[in-house]
Amino acid sequence: MKTVKSVLPKMAGFFLVMLIITSVIYPAVITAAANVAFGHEANGSVIVGKDGTKYGSALLAQEFTGNQYLWGRVMNVDTGTFTDENGEPLAYAGASNKTPAGSELEAMIAERVEKIRAAHPEKGEEPIPVDLVTCSGSGLDPEISPAAAGYQAERIARERNMTTEDVEAVINRYTTGRFLGMFGEPRVNVLKVNLALDGLI
């Protein structure tokens with residue numbers, strides 16, 4: 001009959017082997033495979049410019065407010081709550097968390113609509129795409145709908161002395177269709193469009 005004392009060395013050896021497999025070998029193999037098969041995605045989908053500069057991730061929104069740029073979804077960025085070890089502010093974003101049943105969200109949307117209308121006088125009373133006046137669940141949505149991007153084309157063209165067709169061509173270049181032609185919705189990457197408009201990518 002085996003005693004606990006006689007089994008312990010085997011159990012310890014088994015534990016050590018499994019520890020090495022699950023915490024060292026398996027993660028290393030998966031990481032290596034991901035880098036080989038999906039190197040760009042596995043390393044954060046970082047957008048690198050013509051000069052080698054890293055401008056950000058295609059997966060995270062950046063806020064653009066200039067009239068010469070494509071505007072993304074509303075971002076609720078907080079830079080006053082947290083700081084790093086050097087006292088520099090850290091940016092955090094999130095959804096607005098305003099209830100549709102309250103008047104606060106309605107007032108916020110009305111303010112955003114007014115801003116959009118003022119920047120696009122040529123659109124008159126044309127309906128504004130909803131993603132231009134609402135925040136995403138994460139507050140960091142890097143993409144907008146083709147309708148939201150197209151709505152802004154005339155303003156961008158005016159500010160950059162370009163033709164609307166040229167701006168639309170850049171937007172189309174960075175528009176992704178439905179996955180497998182049927183899943184999700186077409187979308188435009190805001191950061192890529194703006195970097196391309198500046199001639200950086």
Side-chain angles (χ1 to χ4, degrees), residues 45 47 55-83 88-178 183-198 200-201:
S45 298
I47 300 172
Y55 289 102
S57 171
L59 305 176
L60 292 173
Q62 293 187 28
E63 192 168 29
F64 291 90
T65 57
N67 284 336
Q68 74 274 29
Y69 290 111
L70 184 68
W71 296 345
R73 297 196 69 172
V74 176
M75 293 179 64
N76 292 305
V77 179
D78 177 5
T79 58
T81 302
F82 300 101
T83 57
E88 295 294 322
L90 295 174
Y92 287 83
S96 64
N97 292 326
K98 306 297 182 188
T99 171
S103 59
E104 193 174 355
L105 178 62
E106 186 177 344
M108 287 173 60
I109 291 176
E111 182 181 338
R112 293 167 187 165
V113 167
E114 184 178 349
K115 176 185 176 182
I116 297 290
R117 292 256 186 252
H120 304 86
E122 66 281 346
K123 292 297 183 181
E125 293 301 311
E126 182 179 329
I128 299 171
V130 69
D131 43 333
L132 287 180
V133 296
T134 57
C135 183
S136 67
S138 66
L140 291 171
D141 191 344
E143 298 163 328
I144 57 176
S145 65
Y151 186 93
Q152 304 175 67
E154 291 176 82
R155 165 179 54 80
I156 296 169
R158 182 177 66 247
E159 292 291 327
R160 290 180 176 269
N161 293 317
M162 298 172 65
T163 66
T164 302
E165 290 74 20
D166 285 343
V167 173
E168 289 173 341
V170 175
I171 290 171
N172 291 335
R173 193 184 317 152
Y174 297 103
T175 299
T176 304
R178 290 181 173 88
F183 298 110
E185 295 295 329
R187 56 210 183 275
V188 180
N189 190 284
V190 175
L191 177 58
K192 288 182 179 179
V193 168
N194 287 331
L195 291 174
L197 288 170
D198 282 346
L200 298 173
I201 61 173

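Along the sequence shown, residues carry numbers from 1.
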Asks: Can you check side chain to side chain contact (heavy atoms under 4.5 Å, CB included) on V188 and L70, steps first, answer last?
Replies: CA-CA 10 Å; V188 180; L70 184 68; 4.2 Å; yes
Asks: Ignoring hydrogens and geometry, is there a side-chain-to-backbone donor-acceptor pair from W71 to Q152 under 3.5 Å?
Replies: no
Asks: Quick check: does any side chain N or O of Q62 sit under 3.5 Å from a backbone N or O of Y55, one acting as donor and the other as acceptor?
Replies: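 Here the side-chain-to-backbone pair exists.
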Asks: Roughly how far, to the nearest 0.5 Å, is the CE atom of M108 from the CD atom of E104?
Replies: 7.0 Å
Asks: Do you know the tightest heavy-atom contact between P186 and P146?
Replies: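 Nearest heavy atoms, P186 then P146: O-CD, 3.3 Å.
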Asks: In sequence, state the C-alpha distance, the side-chain angles, and the governing distance for L191 and N194, and then conclude on side chain to side chain contact (heavy atoms under 4.5 Å, CB included).
Replies: CA-CA 5 Å; L191 177 58; N194 287 331; 5.5 Å; no
Asks: Could you go through the side chain to side chain contact (heavy atoms under 4.5 Å, CB included) check for F64 and V190 one step at a time?
Replies: CA-CA 9 Å; F64 291 90; V190 175; 4.2 Å; yes
Asks: With no hydrogens and no angle check, do the side chains of T134 and R73 hold a donor and an acceptor under 3.5 Å apart?
Replies: yes
Asks: When you measure from the side chain of R178 to the backbone N and O of E185, does any donor-acceptor pair fall under 3.5 Å?
Replies: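 No, because the side chain of R178 does not come within donor-acceptor range (under 3.5 Å) of the backbone of E185.
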Asks: Taking all non-hydrogen atoms of both residues, which atom of P127 and which atom of Y151 are closest, and how far apart?
Replies: O-CE1, 3.7 Å
Asks: To the nearest 0.5 Å, what is the distance between CG on N161 and CG on D166?
Replies: 12.0 Å
Asks: Between R155 and E122, does any NZ, NE, NH1 or NH2 come within less than 4.0 Å of an OD or OE carboxylate oxygen?
Replies: no
Asks: Is any side-chain heavy atom of E63 closer than 4.5 Å to one of V74?
Replies: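 Result no, sub-4.5 Å side-chain heavy-atom pair not found.
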Asks: How long is the gap from CD1 on I116 to CD1 on I128, to the nearest 0.5 Å?
Replies: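 Answer for the CD1-CD1 pair, I116 versus I128, is 6.0 Å.
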Asks: Compare every heavy atom of A58 with every heavy atom of K192, then report the nearest pair and how far apart it is.
Replies: CE-CB, 3.9 Å
Asks: The test is side chain to side chain contact (heavy atoms under 4.5 Å, CB included); show your working for V167 and T163 and say whether it passes.
Replies: CA-CA 7 Å; V167 173; T163 66; over 6 Å; no
Asks: Calculate, to the nearest 0.5 Å, the distance between atoms NZ and CD belonging to K123 and E126 respectively.
Replies: 4.5 Å
Asks: Would the distance check show the side chain of N189 and the main-chain N or O of E143 forming a donor-acceptor pair, the cut-off being under 3.5 Å?
Replies: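 Side chain of N189 to backbone of E143, a donor-acceptor pair under 3.5 Å: no, none is there.
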Asks: Can you check whether E168's main-chain N or O pairs, donor with acceptor, with N172's side chain at less than 3.5 Å?
Replies: yes
Asks: Is it true that D141 and R187 make a salt bridge, defined as a side-chain N closer than 4.0 Å to a carboxylate O?
Replies: no
Asks: Specify the closest pair of heavy atoms between T164 and A153, including all atoms of both residues, with the distance to one decimal.
Replies: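 Shortest heavy-atom separation between T164 and A153 comes out as CG2-CB, 4.0 Å.
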Asks: Has the side chain of R117 got a donor or acceptor atom that lies under 3.5 Å from a matching backbone atom of G124?
Replies: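 Confirmed, R117 side chain pairs with G124 backbone.
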Asks: Would you compute the distance between atom CE of M162 and atom CG of L197 and round it to the nearest 0.5 angstrom?
Replies: 5.5 Å
Asks: Nearest heavy-atom pair of Y174 and A196: which atoms, and what distance?
Replies: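 Y174 and A196 have their closest heavy atoms at CE1-CB, 3.5 Å.
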Asks: Give the minimum heavy-atom separation between D131 and S145, together with the two atoms involved.
Replies: OD2-N, 2.8 Å
